[in-house]
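Chain naming here is simple, since letters A, B, ... match the order of the sequence lines and numbering starts at 1 in each. All values below were derived from every heavy atom in this structure, side-chain atoms included, with hydrogens, water molecules and symmetry-related copies excluded.
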There are 2 protein chains.
Amino acid sequence: MTESLAKVNRRWQILSMSRTRTKTPKSETTRQAILAAAQRQFYENGYDGASVRRIARAVPIDPAMIMRYFGSKEGLFSAAVVIDLKLPDPGAIPRDRAGTALVAHFLNLWEGERSAIGLPILLRSAVSNQDASDKIRAVFEKQVAPTVAGLTGADDADTRAALIVSQLFGLALCRYVLKLPPVAEMTQDEIIARIGPVVQGHLWRD
Amino acid sequence: MTESLAKVNRRWQILSMSRTRTKTPKSETTRQAILAAAQRQFYENGYDGASVRRIARAVPIDPAMIMRYFGSKEGLFSAAVVIDLKLPDPGAIPRDRAGTALVAHFLNLWEGERSAIGLPILLRSAVSNQDASDKIRAVFEKQVAPTVAGLTGADDADTRAALIVSQLFGLALCRYVLKLPPVAEMTQDEIIARIGPVVQGHLWRD
DNA sequence: CGAAAAAGTCAACATGCGTTGACATCCTGA
DNA sequence: TCAGGATGTCAACGCATGTTGACTTTTTCG
């Protein structure tokens, strides 16, 4: 009985933690520290390569705390990786240079300050973790596809969105994960100039 | 002394195995069985996800045999994953449809019978295994880059090759690893029609 | 202050991993 | 036939993993 109540209480505590508070009890501090360390580890090593124990050692904190705060490694991953592509309103994008605008947007997103919590984590993790694959699919359906549909009036907008995504993921894969020399060394402007027309073509060719 | 000799002998045996023989002693049979099982496991789970023990169980054979035949898990991986893109001679490719020809070639390669020993294995493994990343770079430098250079006379052929690779890897990633619905469900012809012009553009635009 | 709750520590569990060396069996060739 | 090498089995090693429950310390608040 008491055990059951304690577990319920603990679970409530975990849930309530997900909202930020004004007075931020001590726990919120370590919670954020855990998330930051987890993001870094997941980014560098993927889901399988990152271990709860090493994340805990980096905080530093006892591994048991991670289980208390996030329930499981999967829970930690879900909490650490939240993707918001911040795609602009399709209406605000000039039609004639939408391709370059999109490529520039993603490069900023991937190489900005908070890049570690972005799609590259998912790329590294998706090969071995079903959750990561699912998240990628969700991002595609809820963020990329609608934006592309808003840009092209075409009825095969989903296919066009998928082709754009395949080019952008290929870019991210070669540049951040494989670090294939020519791709990794190009400047942002070079990439925009080369890939932009491709995206533009996927949007409006045919 | 005797130990040392035995080890040398064993190493010689391992090396000599890498050549195929006409009389194929019993060992060659199991060696091939191990390789086949390893290719399947590496393909489905990547380098880290595949375990020596599970590969052995699939043969079936004792895990110790794998160590005897290939020395280590890394050795098994190197032996199991040999990439030959079988790229045609650049001179034999019609200039005006080189893009579609290349895309069709890769689709055949990836979706043919022996697809499991191909690049998708490396994609799944490269996120966690340095050897896999190195192999991808080697394939790029020795097979893709020269072919592209032979097609375009351009002096930035390396960059063009890298852009083509980023598009093709993105395609493979979305279709075989992430199984992103629109990409995974397109027919080969649709993909050729859509991606072919992109590759063509990377070859000759500007 | 002092009790209750929250935060954090510690040791242990079961499991799977790559790898090793000693041992048993099979097959070949002199 | 039978010795010796090739082939295969077995048990164990040291290690790292995710997770758990009992425990101690710190913080909060009536």
Side-chain angles (χ1 to χ4, degrees), chain A residues 2-17 21 23-34 37-38 41-42 45-78 128-129 131, chain B residues 2-17 21 23-34 37-38 41-42 45-78 128-129 131:
Chain A
T2 51
E3 279 186 12
S4 176
L5 277 181
K7 285 209 172 180
V8 168
N9 196 18
R10 180 179 299 173
R11 190 156 294 278
W12 172 86
Q13 166 197 347
I14 291 173
L15 289 176
S16 72
M17 283 304 165
R21 298 193 189 172
K23 289 198 63 176
T24 61
K26 300 273 177 185
S27 80
E28 192 59 23
T29 306
T30 63
R31 198 188 134 89
Q32 293 303 327
I34 293 172
Q41 291 291 326
F42 284 135
N45 305 106
Y47 181 83
D48 279 350
S51 79
V52 170
R53 295 169 118 102
R54 194 153 56 215
I55 291 168
R57 213 179 306 135
V59 173
I61 207 75
D62 191 275
M65 289 307 296
I66 293 183
M67 308 313 294
R68 201 119 86 80
Y69 277 59
F70 300 97
S72 69
K73 186 182 181 182
E74 294 262 356
L76 174 61
F77 184 77
S78 286
S128 58
N129 181 257
D131 264 27
Chain B
T2 51
E3 279 185 11
S4 175
L5 277 180
K7 285 208 172 181
V8 169
N9 196 17
R10 179 179 300 173
R11 192 157 292 276
W12 173 87
Q13 166 197 346
I14 290 172
L15 289 176
S16 73
M17 282 305 166
R21 297 192 187 174
K23 289 197 62 178
T24 61
K26 302 274 177 184
S27 79
E28 191 59 24
T29 306
T30 64
R31 198 188 133 88
Q32 293 302 327
I34 292 172
Q41 291 290 327
F42 283 135
N45 304 107
Y47 182 84
D48 279 350
S51 80
V52 171
R53 296 169 120 102
R54 196 155 51 213
I55 292 168
R57 213 178 306 135
V59 173
I61 208 76
D62 191 277
M65 289 308 296
I66 293 183
M67 308 313 294
R68 198 115 87 79
Y69 277 60
F70 300 96
S72 68
K73 186 182 181 181
E74 294 262 357
L76 173 62
F77 185 76
S78 286
S128 58
N129 181 255
D131 264 27

Novice: If I take atom CD1 in residue I34(B) and atom C1' in nucleotide dT7(D), what distance separates them, rounded to the nearest angstrom?
Specialist: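 Going from CD1 in I34(B) over to C1' in dT7(D) covers 11 Å.
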
Novice: List for me each residue that meets side chain to side chain contact (heavy atoms under 4.5 Å, CB included) alongside R53(B), sequence neighbours excluded, and say none if there are none.
Specialist: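 So R53(B) forms a side chain to side chain contact (heavy atoms under 4.5 Å, CB included) with S51(B), R57(B), P63(B).
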
Novice: For residues I34(A) and V59(A), report the shortest heavy-atom separation together with the two atoms involved.
Specialist: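 That closest heavy-atom pairing would be CA-CG2, 3.9 Å.
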
Novice: Figure out the CG/P separation between D131(A) and dG18(D), and round it to whole Å.
Specialist: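 About 15 Å, once rounded to whole Å.
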
Novice: Here's a test of your reading of the structure: between I61(B) and P63(A), which maps to the more 5' nucleotide of DNA chain D?
Specialist: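 Closest to the 5' end, via its nearest nucleotide, is I61(B).
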
Novice: Could I get the full list of side chain to side chain contact (heavy atoms under 4.5 Å, CB included) partners for S78(B), not counting sequence neighbours?
Specialist: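 Checked S78(B) against side chain to side chain contact (heavy atoms under 4.5 Å, CB included); matches are D131(B), K135(B).
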
Novice: Between atom CZ in R68(A) and atom C1' in dG8(C), what is the gap in whole Å?
Specialist: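 After rounding, the gap between these two atoms is 7 Å.
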
Novice: Kindly list each side-chain donor-acceptor pair under 3.5 angstrom involving residues 70-77 of chain B, sequence neighbours excluded, with atom names and distances?
Specialist:
residue: S72(B); atom: OG; partner: E74(B); partner atom: N; Å: 3.4
residue: S72(B); atom: OG; partner: G75(B); partner atom: N; Å: 3.1
residue: K73(B); atom: NZ; partner: Y47(B); partner atom: O; Å: 2.9
residue: K73(B); atom: NZ; partner: A50(B); partner atom: O; Å: 2.8

Novice: Given dG8(C), is OP1 or OP2 found less than 4.0 Å from the side-chain N or O atoms of T30(A)?
Specialist: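 True: T30(A) side-chain N/O within range (under 4.0 Å) of dG8(C) OP1/OP2.
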
Novice: Which whole-number value in Å describes the distance from M65(A) CE to dC23(D) P?
Specialist: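 The answer, rounded to whole Å, is 19 Å.
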
Novice: Tell me: CD1 of I66(B) to P of dT20(C), nearest whole Å?
Specialist: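 Rounded to whole Å, this separation is 14 Å.
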
Novice: Can you tell me how far P of dA24(C) sits from CG of D62(B), to the nearest Å?
Specialist: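 These atoms are roughly 15 Å apart.
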
Novice: Are any of Y69(B)'s side-chain N or O atoms less than 4.0 Å away from OP1 or OP2 of dT7(D)?
Specialist: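 No, Y69(B) has no side-chain N/O under 4.0 Å of OP1/OP2 on dT7(D).
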
Novice: Under the side chain to side chain contact (heavy atoms under 4.5 Å, CB included) rule, collect the residues that match up with D48(B), sequence neighbours excluded.
Specialist: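 Side chain to side chain contact (heavy atoms under 4.5 Å, CB included) list for D48(B), sorted by chain: S128(B).
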
Novice: Should R54(B) and N45(B) be marked as a side-chain contact (heavy atoms from CB on, under 4.5 Å) after you check the CA-CA gap, both sets of side-chain angles, and the distance that decides it?
Specialist: CA-CA 11 Å; R54(B) 196 155 51 213; N45(B) 304 107; 4.3 Å; yes

Novice: So if I define the base as every atom that isn't primed, P, OP1 or OP2, how would nucleotides 12-18 of chain C read as a B/S/- string at a heavy-atom cutoff under 4.0 Å?
Specialist: B----BB

